[in-house]
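First the proteins, then the strands, lettered A, B, ... as listed; each starts at 1. Model, not experiment: these values are computed from the prediction.
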Protein chains: 2
Amino acid sequence: MTSRASLATRRRETKRQPHPRVAVDAVLFTIEAGTLKTLLVKIKQGPFLGQWAFPGGLVQVGEPLDTAARRELYEKTGVQDLYLEQLYTFGEVHRDPAAHTVAVAYFALVPPGAHALTRGDKYAEIAWFPVSELPELAYDHNAMAITAHQRLQAKLSYTNIVYSLLPPEFTLGELQTIYEVILDKQFDRRNFRRKMLALGLLKPLRKMRRGAHRPAALFAFTRRSPMNVEVL
Amino acid sequence: MTSRASLATRRRETKRQPHPRVAVDAVLFTIEAGTLKTLLVKIKQGPFLGQWAFPGGLVQVGEPLDTAARRELYEKTGVQDLYLEQLYTFGEVHRDPAAHTVAVAYFALVPPGAHALTRGDKYAEIAWFPVSELPELAYDHNAMAITAHQRLQAKLSYTNIVYSLLPPEFTLGELQTIYEVILDKQFDRRNFRRKMLALGLLKPLRKMRRGAHRPAALFAFTRRSPMNVEVL
DNA sequence: GCAAAAGTGTTGAGATTACACCCATGC
DNA sequence: GCATGGGTGTAATCTCAACACTTTTGC
């Protein structure tokens, strides 16, 4: 902590010393073309010039961490309403060669279509990369990517947050595809449908999606807020 | 992040601005007298004078976060070898009224008996409190306590980290008691034993614990390193 | 008519729960 | 001898995994 009695001694020592800086980074996931993708920005300056990294920036005094994360994401993607949670805090001393910077990483999910908003106005290059083919990233962001991917897989298994990767209406097939892509695992269609419907998270709409083949029943989530459920 | 190209503009703005400070706090759990307890220190100075809080302190430049956490714990308890993992980062602006301080909270487990080392040499009061009867804590530490407790419960269910709350040799009854105390739930003794033995995490020692009643078989963990296992 | 995705039930295996009695010891 | 915790087995239920054929549509 900070103004802690028992720490008076060390605090006095450190008071004049420089402190580590605080940054937030955001790992943004979406499903596009049947692939799990993540948003990267290209770095224009400094030791990592030309390398890709997750969007992020320094936290300002007086700014809450999640607000900083949300701001970052909005600036980069224009996406405002998304699922956002804290992922992990990376504090390795030399992760940023320029200065000791502690990075609080966030993890976010955006529904398909939000990509359209990815025109980086005043920003440099910005692009969605398949998670399975990430380039070498700046800082410790490859490790961050792995942590985020694992969290995503875990959360998909025991919460209902898939809803934030889907449009308001979707078919059971589309839902299943998302699970298969993220968990990298195939599911039996009959078992999958029975399980999902038994959970009561979905409500059937009286509509059909028409396409190249047999029309499929459309569903929506009964609740679009995070909750813990043993899904798979 | 920090020296990020696309952030050049804002970085320049913030460069001269003060940054939030970084602290680590540690929530330390143990089982004592059949109760789950956590370690608190009493604050001697500042706005929270006289209140209890989790041990913690500012991170120094050049110091990795987990090293800072370990240092804190060692200074306070003398415990060196314990299970330690990052819990969550608390970044609410006014959590420390003195200055915007981001706290990276850690969560640690110590085996019984380590309490003996809790003589706070140069430190003020230090004490183990039952988790169910925590006083009003300084900062946002009551919220931190809840987060830590939830994490402990979750981790106990899907990992083998109980080993770090137990001495090298223990009975199945002692193991079961820990689960019951932490998860606040009763288990059927026969089912519990069958499940635990089936997991293969334990090895029977050819020894007995003698006490007030019928001697109980002693067990040890086959592995004393963290791994994921669906325990209960 | 054919390719492609949607829809639908049943069965067996394994896991989980509930439950009751005898045993070894210290006092 | 009695109070206390240790030790053991079985049956009923539930959950999960495996599995194949028919339907509807666009082309």
Side-chain angles (χ1 to χ4, degrees), chain A residues 31 33-35 112 153-154 156-158 160 162 166-167 169-181 183-220 228-232, chain B residues 31 33-35 112 153 156-160 162 166-167 169-181 183-220 228-232:
Chain A
I31 301 279
T35 310
Q153 292 181 326
L156 219 55
S157 305
Y158 70 89
N160 66 339
V162 221
L166 283 163
E169 303 183 344
F170 53 90
T171 67
L172 282 173
E174 290 163 354
L175 180 63
Q176 182 172 345
T177 300
I178 293 194
Y179 274 96
E180 292 183 338
V181 165
L183 299 179
D184 191 25
K185 190 179 163 188
Q186 301 295 112
F187 294 96
D188 179 272
R189 187 154 32 98
R190 291 159 290 189
N191 294 338
F192 182 85
R193 296 164 77 89
R194 186 182 324 115
K195 188 70 194 291
M196 280 299 157
L197 293 172
L199 287 173
L201 299 174
L202 306 179
K203 61 174 171 230
L205 305 173
R206 301 305 233 97
K207 294 195 270 181
M208 291 285 162
R209 161 146 318 155
R210 308 189 63 83
H213 304 295
R214 175 173 174 176
L218 285 169
F219 290 83
N228 289 342
V229 190
E230 203 57 45
V231 179
L232 290 174
Chain B
I31 302 278
T35 309
Q153 292 181 326
L156 220 54
S157 303
Y158 70 88
T159 74
N160 66 338
V162 221
L166 283 163
E169 304 184 343
F170 54 89
T171 67
L172 281 172
E174 290 163 354
L175 180 61
Q176 181 172 348
T177 300
I178 294 194
Y179 275 95
E180 293 183 338
V181 164
L183 298 177
D184 191 25
K185 189 180 163 189
Q186 299 295 110
F187 295 96
D188 179 273
R189 187 157 32 101
R190 291 159 290 190
N191 295 338
F192 182 86
R193 296 164 77 90
R194 188 182 323 122
K195 187 71 193 289
M196 280 297 157
L197 294 173
L199 287 173
L201 300 174
L202 307 179
K203 60 172 173 234
L205 305 173
R206 302 305 234 93
K207 294 194 268 180
M208 292 282 163
R209 163 148 314 158
R210 308 189 64 84
H213 305 294
R214 175 175 174 175
L218 285 170
F219 290 83
N228 289 340
V229 191
E230 204 56 47
V231 180
L232 290 175

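Judged as a side-chain hydrogen bond (donor to acceptor under 3.5 Å, both in side chains), and not counting sequence neighbours, A:Arg214 has no contacts. Checked against side-chain hydrogen bond (donor to acceptor under 3.5 Å, both in side chains), B:Arg194 has the following partners two or more places apart in sequence or in another chain: B:Asn191.
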Using nucleotides 15-18 of chain D, report all nitrogen or oxygen pairs with the protein that are shorter than 3.5 Å.
from	atom 1	to	atom 2	distance (Å)
D:dA18	N7	A:Asn191	ND2	2.9
D:dA18	N6	A:Asn191	OD1	3.0

Identify each atom pair where a protein N or O and an N or O of nucleotides 24-27 of chain C are less than 3.5 Å apart, giving names and distance.
from	atom 1	to	atom 2	distance (Å)
C:dG26	O4'	B:Ala212	O	2.6

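Here the shortest heavy-atom pairing between A:Pro215 and A:Arg210 reads CG-NH1, 3.9 Å. Closest non-hydrogen pair, A:Glu174 versus A:Glu169, comes out as OE1-O, 4.5 Å. The nearest pair of heavy atoms linking B:Leu199 to B:Glu230 is CD2-O, 3.9 Å. Of all heavy-atom pairs spanning B:Glu180 and B:Phe187, the tightest one is OE2-N, 2.9 Å.
Taking a 4.0 Å limit (strictly below) on heavy-atom distances, residues 200-209 of chain B does not reach DNA chain C anywhere.
Between B:Phe192 atom CZ and D:dG5 atom P the separation is 17 Å, expressed in whole Å.
With hydrogens and angles ignored, no donor-acceptor pair under 3.5 angstrom links the side chain of A:Arg193 to the base of C:dG7.
Bending across the helix from C:dG1-D:dC27 to C:dC27-D:dG1, expressed as the angle between its end axes from five pairs apiece, amounts to 10° (10° rounding).
Test A:Val181, A:Leu183, A:Thr177 against A:Tyr179 for side-chain contact (heavy atoms from CB on, under 4.5 Å) and you get one pass: A:Leu183.
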